[in-house]
Amino acid sequence: MNYRETYQSWQNDPEAYWLEQARAIDWVEPPTQALFDRGDDLFEWYADAKVNGCYNAVDRHVENGRADQVAIIYDSPITGAKSNITYAELQTRVASLAGALVAQGVTKGDRVIIYMPMVPEALEAMLACARIGAVHSVVFGGFAANELAVRINDCTPKAIIAASCGLEPGRVVQYKPLLDGAIEMATHKVDTCIILQRDVHRCDLVEGRDVDWHDAQIGVDPAPCVPVEGNHPAYILYTSGTTGAPKGVVRATAGHLVALNWTMKNIYNVDPGDVFWAASDVGWVVGHSYICYGPLIHGNTTVVFEGKPVGTPDAGTFWRVIEEHNVRSFFTAPTAIRAVKREDPKGEFIKKYDLSGLRALYLAGERADPDTIEWAQNKLGKPVYDHWWQTETGYTIAGNPAGLEALPVKIGSPTVPMPGYEVHILDEAGHPQKPGELGAIAIKLPLPPGTLPTLWNATDRFRKSYLTTFPGYYETGDAGMMDKDGYLYIMARTDDVINVAGHRLSTGAMEEVLAGHPDVAECAVVGVSDQLKGQSPIGFVCLSKGVNRPHGDITAECVKRIRDQIGPVAAFKQALVVDRLPKTRSGKILRATMVKIADGAEFKLPATIDDPAILDEIRLALQTIGYAK
Ligand code: COA
Ligand code: AMP
């Protein structure tokens, strides 16, 4: 079946379509029904089935002839370490770690926070949780202690699995002080921390609470796979929303197994046994779906890469890994390719490696600009597929289904909606837009299997965030259009979310931190265009009356506050002191106009602006740091 026929067959009978796709999963009790309508626009998939995620990602491959196949390739250009773990070894290691969790009192439904760098043990920790039905929540290493504390309080974990450190180029990120600080700050108290001591930096353990990764496994029985209900949460992954409180996206077990398995062949065009590599981090959704679960469920070999696109050691790292490990499909963020292109515009490094095994490059996480796509296409001589999705969906909403039928690429478009997604472009009143007209991108309910059924402990927030603006639809938060051939174009966010180096961040959260500065009366954070990172945050602060400290001191404190409270990942480097912020007559800050001024783009003076003269003040302030030219 080609793309159109497949999409049509899903539309004709979604229930039959998703039951058919479910046959690729090994069930303890197969589903008798795919969709469960829980009323009030809430849906679940395969709720009456029994299944285990770890069994499908690991054990079944050992039983079905893949015991000696490499499951995980670990390649760390930062430490120089390289190793392979077969499916049989992975099974032993995961069962043992799961046994350690059980010995620490962790059982089905308990939450476990994982705070780990890019080492295979991070995947083992996720799979060990899945094995016993514990719900993991992985926290990205670039967040500060405060962000970790917020997540501890929200998901109330029984245990935390962490490493002694992560490695950034030229810098050891000590995790333990961050972990201890977060536990200290959190009101929820954690019983146990299992700590992986890395040779690069070992940490002290807190007596009675912390236990060494290896010691925890001594004398424990390997844990068997615990069957869970299809709608049992596999994990919670926090993502940025409009406010400082991150949203706990819930992923239900069965739907994510079925959907991810479907994508491996149909989108990424790999067969079981092939090597698949997503150069991301386990802390992001790409890491969950395409470093850990997707490739393993499908019987692929996955690559855990602890490095950066450039500087570890050079802009040829990606191509070296692809050649050395015979990667068939490669997935990364556009920003990573921009970083490579900037260092190696002529693609000299590409010529040094044999990339004949590579079929295609997949880009997602932020808008893929045409220059970057064209450069990669020309230099690699391979198709480059942009695809669009979100933490909430867990996999592609719109992409090029290369394994099903490679559709013609239109540069600037992530191509077409995947089966399961009925995508509409709506105007503010919820009316459908014509082809080529800009509007909010919404998806007709129900969302397909594998997407979020709700937010953790926050169903009301789930409704408010996604279901109320356009009744009967899921609001994606993205704006864009669809052309007459059904190709989608993603243009901008409709909320306060910005995308910095493929990392999703909330300007609202940054504003909350700046507003906490004792000298700041009012503030705004906007995402301005950045040639490398896509967007970059800039803060504007108005000082309280009577404050006459040097502005440079205050802005430096603002930068430090965000690094300390959100983390280095926010990449917040610039704040400006201004007298006033541009607002509408009703008091709404004109952030979009400020972005246009910073980017030097044309804009229409908002009709509702209170005092247009403020825009000149903003322009002048921006010019002092090289913007608004
Ligand atoms: N742990 C601790 N700190 C981290 C971190 C982690 N896992 N990841 C990033 N950071 C830090 C960086 O060290 C940097 O700190 P600094 O301000 O002290 O320099 C800061 O967070 C910002 O990092 P980043 O935005 O990654 O910028 P960079 O300048 O270090 O690197 C790129 C630029 C383009 C090379 C890099 O952003 C990159 O590899 N991007 C790809 C992103 C990606 O794969 N995203 C996945 C989404 S699909
Ligand atoms: P995240 O939840 O971190 O994956 O971020 C999701 C958001 O990133 C989306 O809502 C978009 O705003 C943006 N995004 C992801 N992929 C693309 C893409 N291919 N093109 C444009 N924007 C994208």
Side-chain angles (χ1 to χ4, degrees), residues 115-118 139-144 163 165-175 178 237-241 247 249 278-291 305-312 315 317-318 331-343 362-369 373 385-399 412-415 441 452 475-480 488-495 497-505 530-537 559 562-563 566-573:
Y115 191 50
M116 305 270 285
M118 284 297 290
V139 179
F140 179 62
F143 283 123
C165 68
L167 298 172
E168 285 294 287
R171 177 163 70 102
V172 173
V173 183
Q174 294 190 21
Y175 279 14
L178 297 170
L237 178 58
Y238 289 89
T239 189
S240 301
K247 295 168 171 171
V249 168
S280 178
D281 188 286
V282 282
W284 306 116
V285 68
V286 178
H288 282 62
S289 293
Y290 294 112
I291 296 174
F305 171 74
E306 191 180 36
K308 299 272 173 177
V310 293
T312 59
T317 306
F318 279 174
F331 177 173
T332 192
T335 197
I337 300 296
R338 285 197 294 271
V340 171
K341 175 177 164 229
R342 195 166 74 166
E343 297 243 325
Y362 292 79
L363 298 176
E366 56 173 328
R367 184 173 167 269
D369 53 290
I373 296 185
Y385 298 125
D386 181 15
H387 56 322
W388 168 64
W389 50 294
Q390 314 180 306
T391 304
E392 288 84 344
T393 64
Y395 63 100
T396 308
I397 307 169
S413 165
T415 319
I441 312 180
L452 82 171
E475 182 185 9
T476 64
D478 284 307
L488 260 178
Y489 293 78
I490 317 299
M491 313 303 278
R493 288 287 303 190
T494 56
D495 56 13
V497 166
I498 59 169
N499 208 309
V500 182
H503 305 140
R504 174 167 160 182
L505 299 165
D530 182 287
Q531 283 215 319
L532 175 65
K533 298 190 176 190
Q535 284 180 300
S536 159
V559 169
I562 291 199
R563 194 175 172 95
I566 297 182
V569 67
F572 183 89
K573 303 265 154 98

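Remember, it's 1-based here, ligands and their atoms both numbered in the order they're listed. Residue numbers run from 1 in the order of the sequence given.
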Measuring only between side-chain heavy atoms, which start at C-beta, is [X] closer than 4.5 Å to [Y]?
X    : Y    : answer
Q535 : R493 : no
I291 : S280 : yes
E168 : K308 : yes
L505 : F572 : no
T332 : P309 : no

(message) Below 3.5 Å, N or O to N or O, backbone or side chain included: is there any such pair between R493 and ligand 2?
(response) yes
(request) Give yes or no for whether the N/O distance cutoff of 3.5 Å, strictly under, is met between T476 and ligand 2. (result) no
Quick check for you: to the nearest 0.5 Å, what is the distance between [X] atom [atom1] and [Y] atom [atom2]?
X    : Y    : atom1 : atom2 : answer
T335 : D530 : OG1   : CG    : 7.5 Å
F331 : L363 : CZ    : CG    : 8.5 Å
H503 : D281 : NE2   : CG    : 7.5 Å
L488 : H387 : CG    : NE2   : 14.0 Å
Q390 : I490 : CD    : CD1   : 9.0 Å

(message) Looking at H288 and G283, would you say the former's side chain and the latter's main chain have a donor-acceptor pair under 3.5 Å?
(response) no
Within a distance under 4.0 Å of any heavy atom of [X], pick out the atoms of ligand 2 and give their elements.
X    : value
H387 : 16 (N), 18 (C), 19 (N)
D386 : 18 (C), 19 (N)
Q390 : 2 (O), 4 (O), 6 (C), 10 (O)
I490 : 21 (C), 22 (N)

Does some non-hydrogen atom of [X] fall short of 4.0 Å from ligand 1?
X    : result
G142 : yes
F140 : yes
K573 : yes

If you have a sec, work out which protein heavy atom is nearest [atom] and how many Å separate them, to one decimal?
atom                    : value
atom 26 (O) of ligand 1 : H503 CE1, 3.6 Å
atom 8 (O) of ligand 2  : N499 ND2, 3.2 Å
atom 18 (C) of ligand 2 : E366 O, 3.3 Å
atom 48 (S) of ligand 1 : V286 CG2, 3.4 Å
atom 18 (O) of ligand 1 : R563 NH2, 2.9 Å
atom 37 (O) of ligand 1 : A501 CB, 3.3 Å
atom 39 (O) of ligand 1 : P309 CD, 3.0 Å
atom 4 (O) of ligand 2  : T391 N, 3.6 Å
atom 20 (C) of ligand 1 : P568 O, 3.2 Å
atom 30 (O) of ligand 1 : K308 NZ, 4.1 Å
atom 3 (O) of ligand 2  : R504 CB, 3.3 Å
atom 44 (O) of ligand 1 : A279 O, 3.4 Å

(message) Heavy-atom pairs closer than 4.0 Å: do any link ligand 2 to the side chain of D478, the backbone, both, or neither?
(response) side chain
(request) With heavy atoms under 4.0 Å as the rule, classify the contact between W389 and ligand 2 as side chain, backbone, both or neither. (result) backbone
Taking distance alone, with N or O pairs closer than 3.5 Å, would you say [X] contacts ligand 1?
X    : result
T335 : no
R171 : yes
S280 : no

(request) Output, in order, the C-alpha distance, side-chain angles, deciding distance and verdict of side chain to side chain contact (heavy atoms under 4.5 Å, CB included) for D369 and R338. (result) CA-CA 9 Å; D369 53 290; R338 285 197 294 271; 2.9 Å; yes
(message) I'd like the name of whichever of E168, K533, M116 reaches closest to atom 28 (P) of ligand 1 through any heavy atom.
(response) K533
So which atom in [X] and which in [Y] form the shortest heavy-atom distance, rounded to 0.1 Å?
X    : Y    : answer
E366 : G534 : OE1-CA, 4.1 Å
T494 : A479 : CG2-CB, 3.8 Å
A571 : K533 : CB-NZ, 3.9 Å

(request) Classify the angle between the aromatic ring planes of F143 and W284 as parallel (below 30°), tilted (30 to 60°) or perpendicular (above 60°). (result) perpendicular
Run the numbers for me: atoms of ligand 1, each under 4.0 Å from some heavy atom of [X], listed by number.
X    : value
V173 : 2 (C)
V569 : 21 (O)
G502 : 47 (C)

(request) Please confirm whether W389 and Y290 have ring centers closer than 6.0 angstrom. (result) yes
(message) Could you go through V285 and T239, starting from their C-alpha distance and side-chain angles, then the distance that decides it, and tell me whether this counts as side chain to side chain contact (heavy atoms under 4.5 Å, CB included)?
(response) CA-CA 9 Å; V285 68; T239 189; over 6 Å; no
My question is simple, although I want it checked carefully: is [atom] less than 4.0 angstrom from any protein heavy atom?
atom                    : result
atom 13 (O) of ligand 1 : yes
atom 32 (C) of ligand 1 : no
atom 22 (C) of ligand 1 : yes

(request) Say whether G365 and ligand 2 are in contact under the criterion: heavy-atom distance to a ligand atom below 4.0 Å. (result) yes
(request) Could you tell me which residues satisfy side-chain hydrogen bond (donor to acceptor under 3.5 Å, both in side chains) with Y385, sequence neighbours excluded, listed by chain and number? (result) none
